[in-house]
Amino acid sequence: MRHHHFHGFGHPFHAPEGHDGPGHPHPHHAHRRGGRHGGRPFDYGELRLLLLAMIADKPSHGYELIKAVEERFGGSYTPSPGVIYPTLSWLEDMGYTTVEAAEGNRKRSAITEEGRAFLEANRAATDVLMARIGEGGPHGREGVPAPVVRAMENLKVALRLRMRRGGIDAEAATRIAAALDAAARNVEES
């Protein structure tokens with residue numbers, strides 16, 4: 001019998017035949033997808049599939065996975081260790097990965113046969129996810145090139161930080177407005 005697991009945002013993922021793992025969501029299930037709800041471009045279930053697919057391609061430790069996800073998103077999204085490591089623990093607890101010793105004190109996750117079966121059982125969801133985020137391609141969210149997404153995020157952060165610092169007199173306001181207007185003109189002409 002095939003078990004359905006609802007891992008994040010109501011997406012059912014299928015356990016491989018004969019798997020009796022828990023059917024409850026991750027403890028952090030309350031987080032939702034999207035930029036304004038935790039800054040993640042996908043939910044926990046999708047993150048599990050993404051990490052498992054990446055581990056299937058190459059056994060990796062947490063830091064390598066953080067950097068690989070960041071690279072796939074062109075720097076516009078970097079998962080925190082507080083998201084990656086609990087997800088890796090969940091994958092190991094489910095029997096989808098095993099931890100092997102690596103250089104130094106690092107532990108590298110490698111996929112198990114059960115993990116491969118889980119990926120295969122969820123091939124359609126994995127393919128949709130990979131198509132959406134791109135296979136390390138140059139595009140970020142909604143087809144916007146990753147460097148543009150990164151630059152837009154940098155601008156938002158710079159403006160927020162400058163506004164928090166305060167002390168914007170008329171001269172500073174004029175300089176900031178001129179810089180933004182010049183950027184807008186350059187974008188329109190590109």
Side-chain angles (χ1 to χ4, degrees), residues 2-17 19 21 23 25-26 28-29 31-100 107-153:
R2 189 173 295 250
H3 298 277
H4 293 275
H5 295 268
F6 289 89
H7 298 300
F9 213 60
H11 296 292
F13 292 107
H14 304 283
E17 293 295 331
H19 178 35
H26 192 277
H28 298 107
H29 176 70
H31 294 283
R32 296 289 186 218
R33 105 175 44 209
R36 301 215 187 274
H37 301 287
R40 283 186 310 281
F42 41 70
D43 63 43
Y44 278 105
E46 292 172 324
L47 178 61
R48 291 170 183 163
L49 283 178
L50 174 62
L51 293 183
L52 191 58
M54 292 170 74
I55 292 167
D57 288 341
K58 175 186 171 214
S60 303
H61 54 77
Y63 181 76
E64 289 172 327
L65 291 166
I66 289 170
K67 289 301 174 194
V69 171
E70 179 181 45
E71 187 176 300
R72 282 180 186 262
F73 282 88
S76 66
Y77 169 68
T78 304
S80 72
V83 170
I84 292 292
Y85 289 103
T87 303
L88 290 175
S89 293
W90 184 89
L91 290 170
E92 183 183 7
D93 290 347
M94 293 298 291
Y96 298 152
T97 62
T98 186
V99 174
E100 53 190 40
K107 298 176 183 175
R108 180 169 288 148
S109 295
I111 195 163
T112 63
E113 287 307 311
E114 194 167 355
R116 289 189 192 285
F118 181 77
L119 273 181
E120 190 55 40
N122 292 284
R123 178 60 48 204
T126 304
D127 290 346
V128 167
L129 173 63
M130 292 302 193
R132 194 174 84 223
I133 67 169
E135 291 281 1
H139 291 83
R141 60 182 173 233
E142 299 173 18
V144 178
V148 173
V149 172
R150 181 197 45 75
M152 289 187 311
E153 294 298 322

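The basis for the numbers below is simple: all heavy atoms, side chains too, and nothing from hydrogens, waters or symmetry mates.
- Closest non-hydrogen pair, M54 versus L65, comes out as CB-CD2, 4.0 Å.
- Side-chain contact check for L88 versus I55: some heavy-atom pair is nearer than 4.5 Å.
- Atoms CD1 and CG, on I111 and L91 in that order, are 8.5 Å from each other to the nearest 0.5 Å.
- Taking every heavy atom of both residues into account, M94 and E114 meet most closely at O-OE2, 3.9 Å.
- Closest of all the heavy-atom pairs between T87 and V83 is OG1-O, 2.7 Å.
- Considering only heavy atoms from C-beta on, K58 comes within 4.5 Å of E64 through its side chain.
- Summarising the geometry, atom CG belonging to L51 is positioned 9.5 Å from atom OG1 belonging to T97; distances are rounded to the nearest 0.5 Å.
- For I66 against S80, the heavy-atom pair with the smallest separation is CD1-C, 4.5 Å.
- Between F118 and Y96, the ring planes lie parallel to each other; the angle is under 30°, not in the 30° to 60° tilted range.
- Between the side chain of T98 and the backbone N or O of A110, no donor-acceptor pair lies under 3.5 Å.
- The minimum heavy-atom distance between L49 and A125, with the atom names listed, is CD1-CB, 3.9 Å.
- Scanning for side chain to side chain contact (heavy atoms under 4.5 Å, CB included) contacts around R123 gives L119, E120, T126, D127, with sequence neighbours left out.
- Of all the heavy atoms in R108 and S60, the pair that sits closest is CG-N, 3.4 Å.
- For E70, the side-chain hydrogen bond (donor to acceptor under 3.5 Å, both in side chains) test picks out K67, T78, with sequence neighbours left out.
- At least one donor-acceptor pair closer than 3.5 Å links the side chain of T112 to the backbone N or O of G95.
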